[in-house]
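Following: one structure in C-alpha cells, then a few remarks.
Values below: all heavy atoms of this structure, side chains included; hydrogens, waters and symmetry mates excluded. Predicted, not measured: the structure shown is a model, and the values here were computed from it. The chains referred to below are lettered A, B, ... by the order of the sequence lines, with proteins before strands, and numbering in each begins at 1.
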Amino acid sequence: MSSRLRSRWAGVVRTPVGMSATALLAAVLLLAVLAPVLWSAKANAVHTDQIMQGSSAAHWMGTDNLGRDLFYRVLVATRLSVELALLATVIGVVAGLLLGTASVSLGARAGRFVTAVVNIAVAFPGLLLALFFAVIFGTGTKGAVLAIGLAIAPGFARLTHTLVATIAGRDFVAAARIAGVSRIRLLVRHVLPNVGEPLVVNATIAAGGALLAFSGLSFLGIGVRAPDYDWGRLLGDGLNGIYVHPAGALAPGVAVVVAGLAFNLFGEAIAKGIGLRTPLAGERRPSSAPAYETPARPAPAGEDPVLVVEGLRVDFPGAGGPVTPVRDVAFALRRGEAAGIVGESGAGKSLTALAIAQLIEEPGQVHADRLEFLGENLLDTSARTKRHLLGTSLAMVFQDPMTSFNPIKRIGRQLAEVAEQHQGMNRRQALARAVDRLRAVRVPAPERRARQFPHEFSGGMRQRAMISMGLMGTPALIVADEPTTALDVTVQRQVLSLLRSIRAADDVALLLISHDITVVGQVCDRVLVMYAGRVVEDLPTAELLTHARHPYTRALLAAVPDMTTDRDRPLAVIPGRPIDPANVPAGCAFAPRCAFADERCTRSDPALVPDDEGRRVACWNADLTAGQPVAAAQRGRTTSQGTAGDE
Amino acid sequence: MTNATAEVRTLPGLDGAWTRFALRRLGRLLVSVWVLVTAAFLMIHLIPGDPVRAALGTTAPLSLVRARRAALGLDDPLVVQYAHYLRDLFAGRLGTSMTSGLPVSQIIGDRLPATLGVAGYAFALAIAVSIPLGLVMAVLTRGGRGRPAELAFTSTSVVLAAIPEFLLAVGLVFVFGVHLGWVPVAGRSGPDSYVLPVLSLAVGPAAVLARIVRVETLGVLQADFIRTVRAKRLPDRFIYLRHALPNALTATITLGGLLLSAMVAGTVLVENVFAWPGLGSTIVQSILAKDYPVVQGVVLVYGVGVLAVNLAVDVALALLDPRSTIRES
Ligand code: SF4
C-alpha cells in the first residue's frame, strides 16, 4: 500500500506543474532552514546612519527604521513564517482528526453532537474564527498559533468525518468491529490509513492558507511581536513607510504570496495526480477509411422523399489520427415511412441520427455526398433557413428522459420556447400550444403538468413530454434515439404505441434507433442494420425472418428470445467483441466474429449492394446464408460456439 | 429518485415543499444564532485568568479591578451572567466599551455603515464581473476550443486568486496611491476613497468565481439536456443565457456563498490597510486594547453577517433550483 502510494506521488512530481511546485516548495523550506543560520547577523545589524533608506548597492531592498537590511530580514523571516504556519497546521489537523473521528472514538451520540457543532463552525470564515480564538488565547505568537490552528480544525473535522463515514460503512471495518477490535485500535489500524491520502493533500493546502492567515494576523499586530519578526510583521512595518520606501512593504508581500503559492500548488498537483489515475491508453493505429469500388446507394424511396442520405461520414479527431465511427451510410425515407436502425452500442447508430439532425458538435465533422431533408440540401443551406426548417419539421426524441430536460425549468416553458422561436407566438399562446400538445400525447391534467418541473414527472410521462415537444411544430420526421431503453416494459409499450399512432395520424416519417431488433420490428416498416459504422443490411421488417442474409443480422435475430425459447437455456449472445471504431480491421469488419468468414472477407470490405427486390446487403457470402431459416443458423452457431468459444 | 411506474405521483404542491424548506431553514438559522451568541458570551469566560485584570494591566489598583468586575457582572454565577447577557441582547444592550465608555451598540452603529458599504460594493462588483466573464470564457473555450484564451484566463485567475486581499491592498496602495496618486489610500472621504478597498476585496473572489462559473458552465454544456435544447434549434444566446447559465449558477452559488462570507471577514484586514473607519478596524483595536465588550459585540455582528449571507445563498438556490428545497436535508 505505502510503496504504491509513494510511487504514485513520485509520478505526480514528474509532471511539469508538479515539478515546479515541488521545486518551489523545496526552495522555500530550504530557505527556512538555512536563512537564519547564514544571515541572522546581517539582518539584525543596526545602522543608525542608514535609517529608512531606499534600495542601494549595499541594501537591495533598503533599510528599516533602525537601519537594518530589509532584504536579509525578509529572507531570515522565512524560518519563523513557515515554522509557525506548519505548527498551526499540525494543531489544526490533529484537532480536526480528533473532532472528525469523534463518532468512532466517542460513540454515536457524542459524535453527532460534535458533528453538529463542527457543521455550524465551518460556516464561518477562517479569519473570523482565528480572531475569535485570538481573543481567548491572547495576542502574540503563541495565541496566534493556537487561534489559526483551531480555525483550521473545523474544516478538517468535516473532511475527516466524511471520509471516515464512507470507510466505516465498509465490510472490513464491520468485520473488525464484530471481531471485538477496540474503537481506538480500529481507528488507528483500519480507518486512518484509508483516509490518509486526501488528508495529507488537504493539510498541504491548509499549510499555505495558514501561512497567509498568519501573515494577516501579524500584519494586524495580533500575531508575532517585536523583537521577533515574520513576513506579516515586516509587511505591517513596511506599510507605514510605503510612501518613503515601497520596497519595505512589497518585498515581504511577494514572499508571502510565493510561499503560499508553493504550498497550494504542491497540494493541488498531488490531488490532481491522485485523481487522474488513468492507465496510459493503448497504442491506437490509425484507421484508414476503406475505399469502396461502388459507394452505397440508398434504396429508392419513390417520389417525395422526406430524407435522402448518401455517403454520410462522421469523423472525430483521435489520439492516432481521425476516427470514423460512421462511414458511407446511405438510405432514404418516404413520407410516413418508419425505418429502424439497429446494431450494438458503438455501431454508429446514434451518431448517424445526430449527424442527420445536424447536432454533431465540434470537434466532430460530418461529411456527406447528399443530405437532403424535405428537398432542402442541409449541407449548403443558410443557417437561418436550416434552423427554421429543422426547428419546425424535424423532431428529436432522446434516450434518457431523465436527463434530457433542463432540470430547473418548467416543462411547459421548455415546450413553449419552440413555438415562441419558430412560430412567432407570444408567451401565452405558446404556453397554450404546449398544454394542447401535452394533451395530444395523452398526458393527464396537462395544464397542471405544464407548470411542473421535470423531476415531478415519471419517466414515461417525461418521454411523452419529450415527444410532445417535437410536436410543437409540424414534424415531417421524428428521429427517436433509443426512446424506450431507459423505461420499463409496460411504459415502453405505451411510448411505442404513441409513436405509432402519431405516425399514422399525421403521416410523419420515423427513424427509430435501437439496439433491440424486436422494438424496431414492432414499429418499423424497414430495418437498417449497422455494424462498425456501416449499414450492412437493409430490408423490410416483414422479411427479417425469411430474407435476412447478413450473418450479423441473423445473429441478432437468433439472439432474440421468443415464446419457444427454452427458459432454462442461457440467452444466446453474439460471440466476440464489438468493433472499436478507432481500430477497424481491414476487410469485412465482422469477419473476426463471423462463422462464414473466408480469406476474401479479411482482404476486402464488401459493398452494400441491392438485389432485385431492393433489399441491400454487404456480405461476400450473402448467397450462402440466403434461404436458410434463421433458427437453423442459430443452432449451427450455438454448436460452433461451444468449440470455438468466445476468443 | 425516479418513479417510472407511478405515472401520476401525489406530490405535495410546490408550496408545501417551500413551507417545509422555510421552516427547516429557519430552524437551522435559530440554532446557528444561538451557538453564535453562546460562543460570544463564553469567549470572555474562556480567557485564562481575569480578563479585567488583563485589560487594566498589572499596575491597576485592586479596587478598580473589583469595581469593574462588579460593573460587568463577572462575579455572578455563570448561569446568571448568561441569563443577563441574553436579556440585554434582546433589549439591544451590548454593554459599554472599557476604553471609551461609549455604549457598544453606538460604536457599532457608527462603524457598521462603512463596513457594509465596502463589503456590499465589493460583493456587487465581484458578481457583476465574474458571471459574464466566466460564461463568455466557457463559451469561448468549450469543447477544447480557444486554448490560448483558456491558458491566459486560467493562469491569470489562479494568480489573482492566490493573492490574499490585504497583500493586494498593499499592492494597490503602492500602484494607485503612491505611484500614480489617483485615488486616496486612507480613510473614508468621497466616493473615490471606496475604489481601492472595494477592489482589494473583490478581485480575488471575482477571479475564483469566474473560474467556477466557467467550469460549471462547461459541465452544463456537456449535459444531455443541452442537446435537447439544440435540437429545438434555439439561437445560441438562448442556449447559453436561458439554459446553461441558470444551471451553472445553481452549481456555483454554494461555493460563491463561501467566498462571499469570506469577503465579510476580509473587510477586517482591508480596513486596517486603508485606515477605514469600519468594524474591521474597530475589532482589531479592541482586541489589542482588550476592550472585551466591544470585541464581543463586533464578533456578534460579523457572525450575524455571515449567517445572513448563508441564508441568502440558500434562498437564492431555492429560487433558482426548485429541487434544492426537497433535496436538502
Ligand atoms: S463478408 Fe465475410 S466476414 Fe463479412 S459478414 Fe459476410 S461472410 Fe462474414
Side-chain angles (χ1 to χ4, degrees), chain A residues 117 120 123-125 127-128 131-132 134-136 138-139 212 216 219-222 235 239 242-243 246 249-250 253 256-257 260-261 264 357 359 361-363 387-388 390-391 396 398 400 402-409 417-418 421-422 444 453 455-456 458-461 466 469 487-488 491, chain B residues 2-9 11 31-32 35 39 43 46-47 143-145 162-164 166-167 170-171 173-174 178 223-225 227-234 238 243 246-247 250 261-262 264-266 268-269 272-273 283-284 287-288 292 295 299 302-303 306-307 310 320-323:
Chain A
V117 173
I120 290 176
F124 292 94
L127 182 66
L128 274 193
L131 284 178
F132 177 83
V135 174
I136 296 175
T139 53
L212 298 182
F219 169 78
L220 292 176
I222 295 174
L235 189 71
L239 183 64
I242 194 164
Y243 276 95
L250 298 182
V256 171
V257 172
L261 212 56
N264 275 333
L359 289 174
E361 271 208 289
E362 269 186 82
R387 171 165 285 160
H388 186 76
L390 296 176
M396 290 291 297
F398 294 105
D400 190 352
M402 178 71 197
T403 56
S404 293
F405 275 107
N406 185 337
I408 62 173
K409 289 180 88 118
E417 269 181 344
V418 184
Q421 182 62 35
H422 299 294
F453 290 94
H455 68 268
E456 297 174 84
S458 68
M461 273 303 153
M466 174 69 68
M469 190 188 281
L487 307 174
D488 68 37
V491 183
Chain B
T2 33
N3 201 341
T5 43
E7 285 281 295
V8 182
R9 267 193 294 169
L11 261 172
V31 172
S32 300
V35 169
M43 181 166 72
L46 286 172
I47 298 168
R145 264 162 275 217
I163 303 178
F166 68 104
L167 290 180
V170 172
V173 166
F174 172 63
V178 178
D224 282 358
F225 77 83
R227 203 180 47 193
T228 315
V229 179
R230 289 177 54 230
K232 288 193 253 183
R233 319 289 160 178
L234 304 181
F238 258 68
H243 288 275
N247 277 281
T250 59
S261 53
V264 172
V268 174
L269 283 158
N272 277 279
V273 175
I283 193 174
V284 172
I287 289 176
L288 290 174
Y292 295 116
V295 175
V299 160
Y302 269 107
V306 170
L307 292 179
N310 292 349
L320 217 48
D321 184 356
R323 290 169 303 173

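Heavy-atom distances place no part of A:His388 under 4.5 Å from chain B, backbone and side chain included. With a 4.5 Å cut-off on non-hydrogen atoms, A:Leu235 touches chain B through its side chain but not through its backbone. Residue A:Asn264 does not touch chain B at all, counting heavy-atom pairs closer than 4.5 Å. Neither the backbone nor the side chain of B:Ala223 has a heavy atom closer than 4.5 Å to any heavy atom of chain A. For A:Phe124, the parts lying under 4.5 angstrom from a heavy atom of chain B are both the backbone and the side chain. For A:Ile120, the part lying near chain B is the side chain, with the backbone staying farther off; criterion is any non-hydrogen pair under 4.5 Å. Contacts of B:Val306 with chain A are made by side-chain atoms alone, with heavy-atom separations under 4.5 Å and no backbone atom involved.
The minimum heavy-atom distance linking A:Leu128 with B:Ala265 is given by the pair CG-CB, 3.9 Å. Contact between A:Ala123 and B:Ser261 at its shortest, heavy atoms only, is O-OG, 4.2 Å.
Per-residue counts of heavy-atom pairs under 4.5 Å with chain B were compared for A:Val257, A:Leu212, A:Val418, A:Thr403; the largest is that of A:Thr403. Looking only at heavy-atom pairs under 4.5 Å with chain B, the residue among A:Val117, A:Leu220, A:Leu127, A:Val256 that has the most is A:Leu220. With respect to chain A, the highest number of heavy-atom pairs below 4.5 Å among B:Tyr292, B:Tyr302, B:Phe225 belongs to B:Phe225. Among the candidates B:Val284, B:Leu269, B:Leu307, the residue making the largest number of heavy-atom pairs closer than 4.5 Å to chain A is B:Leu269. When each of B:Leu46, B:Thr250, B:Val264, B:Val299 is scored by its heavy-atom pairs under 4.5 Å with chain A, the top score falls to B:Leu46. Each of B:Asn310, B:Val229, B:Thr228 has some count of heavy-atom pairs under 4.5 Å with chain A, and the biggest count is that of B:Thr228. Ranked by non-hydrogen atom pairs under 4.5 Å with chain B, the options A:Ala357, A:Ala134, A:Gly221 are led by A:Ala357.
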- Derivation of the side-chain contact (heavy atoms from CB on, under 4.5 Å) call for B:Phe174 and A:Leu250: CA-CA 8 Å; B:Phe174 172 63; A:Leu250 298 182; 3.5 Å; yes

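In this structure, A:Leu359 and B:Arg233 have side chains that are in contact, with non-hydrogen atoms separated by less than 4.5 Å. Residues B:Leu167 and A:Phe219 fail the side-chain proximity criterion, which asks for heavy atoms closer than 4.5 Å.
In this view, B:Ile287 and A:Leu131, A:Val135, A:Thr139, A:Ile222, B:Ile283, B:Val295 satisfy the side chain to side chain contact (heavy atoms under 4.5 Å, CB included) rule, not counting sequence neighbours. For A:Leu261, the side chain to side chain contact (heavy atoms under 4.5 Å, CB included) test picks out A:Leu265, B:Ala162, with sequence neighbours left out.
A salt bridge links A:Glu361 with B:Arg230: the closest approach of a Lys/Arg side-chain nitrogen to an acidic carboxylate oxygen falls below 4.0 angstrom.
Of the listed residues (A:Arg387, A:Met469, A:Met396), just one forms a side-chain contact (heavy atoms from CB on, under 4.5 Å) with B:Lys232, and that residue is A:Met469.
Rounded to the nearest 0.5 Å, atoms CG (B:Leu234) and CD (A:Glu417) are 5.0 Å apart. With values rounded to the nearest 0.5 angstrom, A:Phe398 atom CZ is found 4.5 Å from B:Arg227 atom CZ.
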